[in-house]
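For reference, the structure is listed below as structure tokens.
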Amino acid sequence: MTVRTRFAPSPTGSLHIGGARTAIFNWLFAHHAGGSFVLRIEDTDQTRSTQESIDEILDAMEWLGLNWDEGPLRQSERLPIYREHAEKLLESGSAYKCYVTPEELQEKRKEAQERGGVFRYNRKWAEENAGPDKPYAIRLLTPDEGTIEVDDALRGRVSFDASEVDDFVILKMDGFPTYNFAVVIDDATMNITHIIRGDDHLINTPRQKLIYDALSYDVPQMAHVSMILGSDQKRLSKRHGATSVTEYRAEGYLPEAVVNYLTRLGWSYGNQEIFTMDELVEKFTLKNVGKSAAVFNPEKLEWLNSWYLRNKPPEEIAGLLVPLLKEKGIHAEVDEKLAKIVKELSQRAKTLNDIADSLNYFYSDEIIYDEKADEKFLTHEILPVLQDITRRLTSLEDFTMDSMKEEFEKVMEERELKLGKIAQPVRVALTGGTVSPGIFEVMDILGRDKVLERLEEASSHISAK
RNA sequence: GGCCCCUUCGUCUAGCCUGGCCUAGGACGUAGCCCUCUCAAGGCUAAAACACGGGUUCGAAUCCCGUAGGGGCUACCA
């Protein structure tokens with residue numbers, strides 16, 4: 001039997017970090033086994049599902065590299081299938097029509113709570129409101145006693161008391177299936193073999209098991225992965241910061257970093273931290289997935305992102321950067337210059353945005369001196385040194401890093417100055433600030449004309465002080 | 001409240017199944033030092049954990065039982 005996994009988000013928002021990890025696990029598991037990965041949209045909640053959410057989720061999946069082999073299937077387009085199965089259960093006596101309205105149930109639930117008791121649906125109410133044209137929901141007839149056992153790949157056998165499960169609705173009055181019903185029908189008819197999903201669904205499995213049994217379908221292998229928590233150990237939510245894949249993309253994270261981080265959150269492979277997608281596919285097994293909840297740690301994601309930035313070919317990063325720069329009004333293209341810039345700046349950045357934010361001086365015609373830097377380094381004391389350097393560079397035949405270095409060394413020797421003394425003022429003159437790649441690299445990228453122009457500008461700026 | 005799940009450094013985790021190799025390993029973060037033209041990167045070092053209490057055993061992070069804490073669910077939401 002070939003492995004088939006699925007990811008089944010409900011389109012009520014963007015792709016959440018937790019959902020993304022579930023998707024990644026399912027994707028990896030399927031690919032590891034040479035099986036297929038199915039995408040299904042659970043849009044049976046008519047009031048909360050939106051097309052925008054669907055688009056955003058699909059977009060985020062593609063960005064992460066999680067391609068699907070089938071789908072996206074939509075539950076809202078499969079209504080007849082659910083109805084058909086519900087009818088079948090009605091015929092076999094495993095389910096029955098219930099005429100109690102949601103409002104009445106709400107009422108009874110409230111009463112029970114006020115009395116301090118536990119609300120439990122009573123089968124006898126089912127027929128009470130019956131009438132020829134009355135709308136009805138369909139409920140599953142569930143056992144009153146015994147235990148319902150579920151085998152989980154991560155947690156072993158989990159058993160529930162049948163008395164905890166009352167006759168629940170499988171088909172709503174509006175003709176839509178409830179979550180538990182739709183999930184089972186879909187997973188069964190799509191021949192899903194392994195269900196990897198969040199811990200929050202563990203409690204649903206006894207209900208689902210009952211449906212599988214009533215329909216004589218095999219129960220897939222379940223694996224309930226723990227949730228991702230925020231720094232306060234509470235379920236990760238907006239107040240913990242960015243929680244959607246889309247936000248991380250906008251902040252300049254690389255998909256490989258996000259995938260790597262999310263996979264390592266709850267899964268491990270010895271002491272290894274960095275994995276390529278191929279390695280992940282090769283090494284991912286459920287056996288190495290942990291059982292306890294994991295706190296989302298933005299610093300570690302940031303570190304991983306910076307690692308990928310440092311190790312990815314500069315040309316590729318340059319390609320990702322161009323659109324970002326365009327938004328900032330910098331019209332760069334993927335050329336030798338940008339590749340050189342990226343090579344230097346990616347060593348010092350945490351995100352793509354960091355790079356985009358710190359290369360202005362390579363493209364602008366005018367540089368603005370940082371006030372403090374100006375005050376500290378562009379001094380009358382250094383003026384002769386700057387002029388000396390300008391003179392030497394002007395007469396330099398080939399403007400290479402080596403030859404520039406030679407000239408700097410001569411100045412250092414003659415004036416008995418350390419490189420630091422000279423490099424900082426030059427850096428301020430060329431970039432406007434005190435932080436940049438190595439000074440020779442900067443000069444090399446800027447090119448002869450700009451370097452000389454800016455050095456002269458700095459000199460006259462000092463003289464005018 | 002009831003039911004279910006979980007519990008190793010601040011965080012992600014290795015080790016747990018198949019007790020001794022654990023003086024509990026790695027990574028992020030933090031601190032210090034080195035390197036150094038700034039900032040990074042890199043190198044070295046440090047502080048930092050078996051939730052608690054009972055068993056079982058020659059021996060327990062590892063097995064058993066309790067307790068505590070955390071999380072989840074408790075819908076005609078998914």
Side-chain angles (χ1 to χ4, degrees), chain A residues 8-12 42-45 47-49 75 98 100-103 105-106 109 113 116-121 135-139 150 152 154-155 158-161 163-165 168-174 176-180 182-183 198-206 224 226-227 229 231 233-235 261 264-274 287-288 290-304 306-307 310 344-350 358 373 377 408 412 418-428 431 433-440 442:
Chain A
S10 56
T12 54
E42 309 217 319
D43 56 351
T44 53
D45 183 342
T47 52
R48 295 197 303 152
S49 299
Q75 290 187 324
C98 172
V100 187
T101 64
E103 291 74 29
L105 287 170
Q106 194 65 262
R109 192 171 287 119
Q113 272 170 0
V118 181
F119 173 79
R120 189 144 284 146
Y121 175 78
Y136 60 87
I138 299 178
R139 284 180 187 269
V150 179
D152 187 279
L154 263 33
R155 297 162 205 285
V158 184
S159 55
F160 300 84
D161 204 340
S163 63
E164 291 292 326
V165 180
F168 58 95
V169 171
I170 55 175
L171 207 67
K172 306 181 217 171
M173 279 183 177
D174 63 5
F176 273 67
T178 55
Y179 166 73
N180 281 312
V183 163
D199 207 1
D200 46 341
H201 290 288
L202 183 56
I203 210 88
N204 288 320
T205 51
H224 288 93
S226 284
M227 321 231 66
L229 311 176
S231 50
Q233 312 269 324
K234 303 268 184 225
R235 194 184 194 141
Y261 177 72
R264 257 305 265 103
L265 201 58
W267 174 84
S268 62
Y269 191 82
N271 286 334
Q272 193 172 342
E273 297 287 350
I274 311 279
K287 191 177 176 293
N288 296 325
K291 295 192 277 194
S292 49
V295 173
F296 184 81
N297 185 291
E299 284 81 29
K300 190 153 182 181
L301 206 211
E302 202 171 66
W303 171 77
L304 267 168
S306 73
W307 190 92
R310 266 178 274 130
E344 295 304 322
L345 290 179
S346 59
Q347 306 302 311
R348 328 171 132 71
K350 303 268 191 216
S358 54
F377 295 107
F408 267 65
M412 284 159 66
K418 287 201 170 184
L419 181 55
K421 276 282 172 202
I422 309 174
Q424 272 311 71
V426 172
R427 175 170 282 115
V428 177
T431 71
T434 53
V435 175
S436 84
I439 198 66
F440 301 109
V442 170

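Just so it is clear, the values below take in all heavy atoms, side chains as well, and ignore hydrogens, waters and symmetry mates. Residue numbering restarts at 1 for every chain, and letters A, B, ... go by the order of the sequence lines.
Pair check for C76(B) finds none; no Watson-Crick or G-U wobble contact set falls under 3.5 Å. Applying the Watson-Crick and G-U wobble criteria (two distances, each under 3.5 Å), C44(B) pairs with G32(B). Shown here, U56(B) forms no base pair; nothing in the strands shown gives a Watson-Crick or G-U wobble contact with both key distances under 3.5 Å. Pair assignment for A68(B) gives U7(B), based on Watson-Crick or G-U wobble hydrogen-bonding distances that are each under 3.5 Å. Base pairing of A24(B) is not made with any nucleotide, judged by Watson-Crick or G-U wobble geometry with both donor-acceptor distances under 3.5 Å.
At a threshold of 4.0 angstrom between heavy atoms, the contacts of N204(A) include nucleobase atoms, whether or not backbone atoms are also involved. Heavy atoms of L105(A) sit under 4.0 angstrom from at least one base atom. Across all strands shown, E164(A) has heavy atoms under 4.0 Å from sugar-phosphate atoms exclusively, and none from any base. H224(A) comes within 4.0 angstrom of no nucleic acid atom, judged by non-hydrogen atoms across all strands. Note on G198(A): nothing from the nucleic acid sits closer than 4.0 angstrom, heavy atoms only. Note on R310(A): only backbone sugar-phosphate atoms sit closer than 4.0 angstrom, heavy atoms only; bases stay farther off. Residue R155(A) is classed as a sugar-phosphate contact, given heavy-atom separations below 4.0 Å to backbone atoms only. Among the heavy atoms of the strands lying under 4.0 Å from I439(A) is at least one base atom, whether or not backbone atoms are also near. Contact annotation for P206(A): no contact, since no heavy-atom pair falls under 4.0 Å across all strands. Within 4.0 Å of T178(A), counting heavy atoms only, lie sugar-phosphate atoms of the nucleic acid but no base atom. Using a 4.0 Å heavy-atom distance criterion, A294(A) is classed as a sugar-phosphate-only contact. Counting non-hydrogen atoms under 4.0 angstrom, S159(A) reaches the backbone sugars and phosphates but no base. S292(A) comes within 4.0 angstrom of sugar-phosphate atoms only, judged by non-hydrogen atoms across all strands, and of no base. Nucleic acid contact for S49(A): none, since no nucleic acid atom lies under 4.0 Å from a heavy atom of the residue.
Note: Q272(A) CD to R264(A) CZ = 9.5 Å, rounded to the nearest 0.5 Å. Put simply, CG on D199(A) and CZ on R235(A) are 9.5 Å apart, with the number rounded to the nearest 0.5 Å. Atoms CG and CD1, from L419(A) and I422(A) in turn, are 6.5 Å apart once rounded to the nearest 0.5 Å.
RNA chain B is contacted by both W307(A) and G420(A); G420(A) maps to the nucleotide lying nearer its 5′ end (nearest heavy atom per residue). Nearest-nucleotide assignment on RNA chain B puts the 5′-proximal partner with F160(A), out of F160(A) and G270(A).
Counting heavy atoms from C-beta outward, E273(A) and W307(A) have side chains that stay 4.5 Å or more apart. Here the side chains of E42(A) and V183(A) are in contact, with some heavy-atom distance below 4.5 Å. You'll find the side chain of H224(A) stays beyond 4.5 Å of the side chain of L154(A), heavy atoms only.
Between C16(B) and G53(B), the two P atoms lie 24 Å apart (nearest whole Å). Rounded to a whole angstrom, the distance from the C1' atom of C12(B) to that of G59(B) is 31 Å. Distance noted for atom P between C9(B) and G1(B): 26 Å (whole Å). Only the P atoms considered, G71(B) is 48 Å distant from C35(B), to the nearest whole Å. On the C1' atoms, G25(B) is 8 Å away from G15(B), given to the nearest whole Å. For the P atoms, the distance linking A51(B) with A24(B) amounts to 15 Å, nearest Å. Atom P of C50(B) sits at a distance of 10 Å from the matching atom of U8(B), rounded to the whole Å. Comparing A61(B) with A46(B), their C1' atoms are spaced 24 Å from each other, to the whole Å.
A nucleotide of RNA chain B counts as in contact with chain A when one of its atoms lies under 4.0 Å from a heavy atom; the first and last such, 5' to 3', are G2(B) to A78(B).
Remark: Y261(A) pairs with F296(A) by the ring-ring contact (aromatic ring centres under 6.0 Å, His included) rule, at least two apart or across chains.
Side-chain atoms of T178(A) come within 3.5 Å of backbone atoms of V169(A) as a donor-acceptor pair (strictly under, hydrogens ignored). The main-chain N or O of Y269(A) is never found under 3.5 Å from a side-chain atom of N288(A) such that the two would form a donor-acceptor pair.
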